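Below you'll find the structure, written out as structure tokens, and then a few comments.
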Amino acid sequence: MNQSAAGPGPGPGVVYRNQLLALVGLGLVFRLVLALILPPGYDESYYLFYGQNPGLSYFDHPLAVGLWAWLGLHVAPLLPANPVLALRLPGLISYSVALVLLAEASRLWFGRRAALLTAAVGTVSPLLFACGGLLLLPDSPLLLLLSLLLWWLARHPLNAPRSPQASLIFGLILGLLSLCKYHALLLILTLVVARLANSIQRRQLQLGDTALVFGGWLAASWPLWLWNLQNGWVSFAFHSGRTTGVSGFHWQGPPLFLLSQLALLFPSIGVLLLVALLRPRAPASPEAAAGTNLLRLLAIPQLVLFLLLAGRMQVLSSWLVPAWWLLLPLAGACLAAPGCLQRLWLRVVAVITVVAVPLLSLAAAAHVRWGIARSLLPAEVDTSGQLLAPGALRQALQQRPAIWQALVQAEVIGSNRYELPGFMALALRGYSQAAYTAYSGDNRGFDQWRQHLNPRASRGVLFAVVGDYDPLQSLQQSGPAQPWRFGPLQPLGRVQVARAGQPAALLEFYAYDPSLVSRASGPNR
């Protein structure tokens with residue numbers, strides 16, 4: 001059959017969309033496999049309570065991650081055997097949508113080939129897909145709204161004239177971005193400075209447009225400001241205290257942090273992103289020039305700020321995720337340059353990356369879940385055994401009837417670390433109606449949520465990981481360093497939690513009366 005009889009094939013646009021959806025779909029399947037393997041992380045176990053305590057904002061984050069947790073909890077009844085997967089499902093889906101939006105922005109700036117390569121790099125990079133598309137973290141909604149912002153700016157350039165409706169929508173997007181993570185405020189400030197500089201250069205301030213954008217931003221972001229106003233701006237005080245509580249600058253901090261970021265991105269991808277930032281492809285069109293300038297404008301302040309902070313304090317690995325995300329379209333444009341991937345060494349590196357990342361990710365997930373590499377890692381270095389899989393924890397607890405009965409009948413279950421109660425809540429899901437809390441110097445959101453506890457509750461259980469922090473018996477002591485006063489603690493015993501048949505975490509349990517607990521001093525943040 002000749003071509004004319006067979007009819008015309010699909011157009012380039014259809015082929016591009018099919019390729020993009022196939023690429024994003026494969027990435028979703030891969031992340032889904034990892035989500036099924038990995039036990040809950042410390043942050044995820046804590047963010048579980050964001051979904052159980054809906055609020056306008058939270059102690060250390062705006063409300064978006066709470067919405068993701070709330071959605072996951074409402075999916076949980078459909079997945080009763082795997083509540084952790086239910087919590088992760090919103091992030092798994094939102095990352096796929098974010099990749100499509102980012103690819104579409106890249107297409108408008110740099111073309112279809114660059115768009116597909118943008119999505120490919122975002123699909124493969126471990127740091128990006130783990131923080132934004134696998135674990136329940138604030139980066140999931142952040143990357144979704146950041147991609148929406150870039151998609152919007154690709155259609156409505158920052159310095160181009162806008163209709164009143166477009167200005168209002170732009171402000172709404174910025175406001176929603178503010179509800180994701182405080183990193184967004186730096187992005188918004190950068191956009192404001194750039195817009196102001198352009199207005200001054202043109203000698204045209206465009207006050208009406210500015211007012212509409214500001215009004216849209218405030219209309220969408222008001223929950224963040226209202227919650228902090230009602231809670232003494234505690235969230236901003238907490239984050240600013242992280243930087244003011246240290247002194248001196250350690251020059252080895254920034255380069256070491258950058259090297260760790262390159263390793264987590266995967267070295268070939270990390271180097272590609274840096275090359276794309278420092279030596280971007282020469283713009284082939286006005287659209288490409290606008291996209292290049294915008295992405296570098298937004299990414300550079302993020303990189304500079306957190307690299308400098310790495311010289312003063314501990315900077316978490318996820319804090320640079322938005323900056324690397326912004327560089328993905330530039331990386332796609334670099335790879336899409338004529339003849340780039342025709343170089344043999346680059347093709348070899350690309351194949352190694354595409355093969356190695358899934359294999360290494362699966363191996364790492366398998367170790368966290370089953371400890372397959374415990375013979376290679378010293379116990380004092382490998383703390384992955386303390387990430388308690390709900391099924392394993394529940395099985396270990398049921399083997400100690402007295403402790404299990406106390407937990408099932410408890411009205412309040414607490415711990416000496418804010419990260420730990422979530423593990424117990426997942427293990428006891430469907431077996432207990434207890435409220436959860438934490439008693440330590442750093443209680444995060446539990447200080448706000450404790451007001452919902454029944455003040456007359458008398459049946460409580462305290463637990464902690466043995467050998468990790470001070471024993472729970474120290475909570476009975478009093479003194480200026482102890483912010484809590486407890487009544488008598490009744491030992492219930494210890495439970496050894498296994499991982500693949502080998503001892504992993506040892507937990508200790510005490511019965512206590514929650515109605516007798518009082519704070520000895522103000523919150524010790």
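Being a predicted model, the structure only gives us computed values, none of them experimental. Keep in mind that the numbers below use all heavy atoms, side chains included, and drop hydrogens, waters and symmetry copies.
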| field | Side-chain heavy atoms of Leu73 within contact of Trp70, under 4.5 Å | value | no
| query | Where do Thr190 and Pro301 come nearest, in terms of heavy atoms and distance? | reply | OG1-CG, 3.9 Å
| Can the ring centres of Tyr418 and Phe446 be said to be less than 6.0 Å apart? | no
| Is a side-chain N or O of Arg499 found less than 3.5 angstrom from the main chain of Arg369, in a donor-acceptor match? | no
| query | Is Ile37 close to Leu362 at the side-chain level, that is, under 4.5 Å between some pair of heavy atoms? | reply | yes
| field | Phe423 ring center within less than 6.0 Å of Tyr42 ring center | value | yes
| query | Do side-chain atoms of Arg88 reach the backbone of Ala35 as a donor and acceptor pair under 3.5 angstrom? | reply | yes
| request: Might you work through the salt bridge (charged side-chain N to carboxylate O under 4.0 Å, His left out) test for Asp43 and Arg444, ending with a clear yes or no? | output: CA-CA 12 Å; Asp43 286 338; Arg444 302 294 169 103; over 6 Å; no
| task | Check the angle between the aromatic planes of His61 and Tyr50 and answer parallel, tilted or perpendicular using the 30° and 60° thresholds. | result | perpendicular
| Parallel, tilted or perpendicular for His156 and Trp152, by the 30°/60° rule? | parallel
| message | How close do Gln302 and Pro322 get, counting heavy atoms only, and between which atoms? | response | OE1-CB, 4.3 Å
| field | Check: Asp382 side chain, Ser384 main-chain N or O, donor-acceptor pair, under 3.5 Å | value | yes
| said: I want to know whether Trp68 and Tyr95 have ring centres closer than 6.0 Å. | reply: no
| said: So does Ala237 get a backbone contact from the side chain of Ser240, meaning a donor-acceptor N/O pair under 3.5 Å? | reply: yes
What side-chain donor-acceptor pairs closer than 3.5 Å can you find for residues 127-143, not counting sequence neighbours?
residue : atom : partner : partner atom : Å
Asp139  : OD1  : Lys181  : NZ           : 2.9
Asp139  : OD2  : Lys181  : NZ           : 3.4
Ser140  : OG   : Gly132  : O            : 2.8

| request: Considering non-hydrogen atoms only, spot the tightest contact between Val24 and Ser96 and give its length. | output: CG1-CB, 3.5 Å
| request: Taking all heavy atoms of Pro62 and all of Ser57, pick out the closest pair and write down the distance. | output: CA-OG, 3.4 Å
| request: Kindly state whether the ring of Trp225 and the ring of Trp217 have centres lying under 6.0 angstrom apart. | output: yes
| message | Can you give me the closest heavy-atom contact between Leu224 and Ser178, atom names plus distance? | response | CD2-O, 3.8 Å
| said: How about CD on Gln252, more than 12 heavy atoms from neighbouring residues, nucleotides or ligands closer than 6.0 Å, or not? | reply: yes
| field | Candidate list Leu148, Leu146, Val213, test side-chain contact (heavy atoms from CB on, under 4.5 Å), partner Ile173, passing option | value | Leu148
| said: Determine whether the aromatic ring centres of residues Tyr182 and Phe236 are separated by less than 6.0 angstrom. | reply: yes
| Would you say the side chains of Thr292 and Trp109 form a donor-acceptor pair under 3.5 Å? | no
| message | Please evaluate residues Asp442 and Ser440 with respect to the criterion side-chain hydrogen bond (donor to acceptor under 3.5 Å, both in side chains), reporting the C-alpha separation (whole Å), side-chain torsions for both, the decisive distance (0.1 Å), and the verdict. | response | CA-CA 5 Å; Asp442 182 1; Ser440 68; 5.9 Å; no
| Which heavy atom of Phe110 sits nearest a heavy atom of Ala288, and at what distance? | CE2-O, 3.5 Å
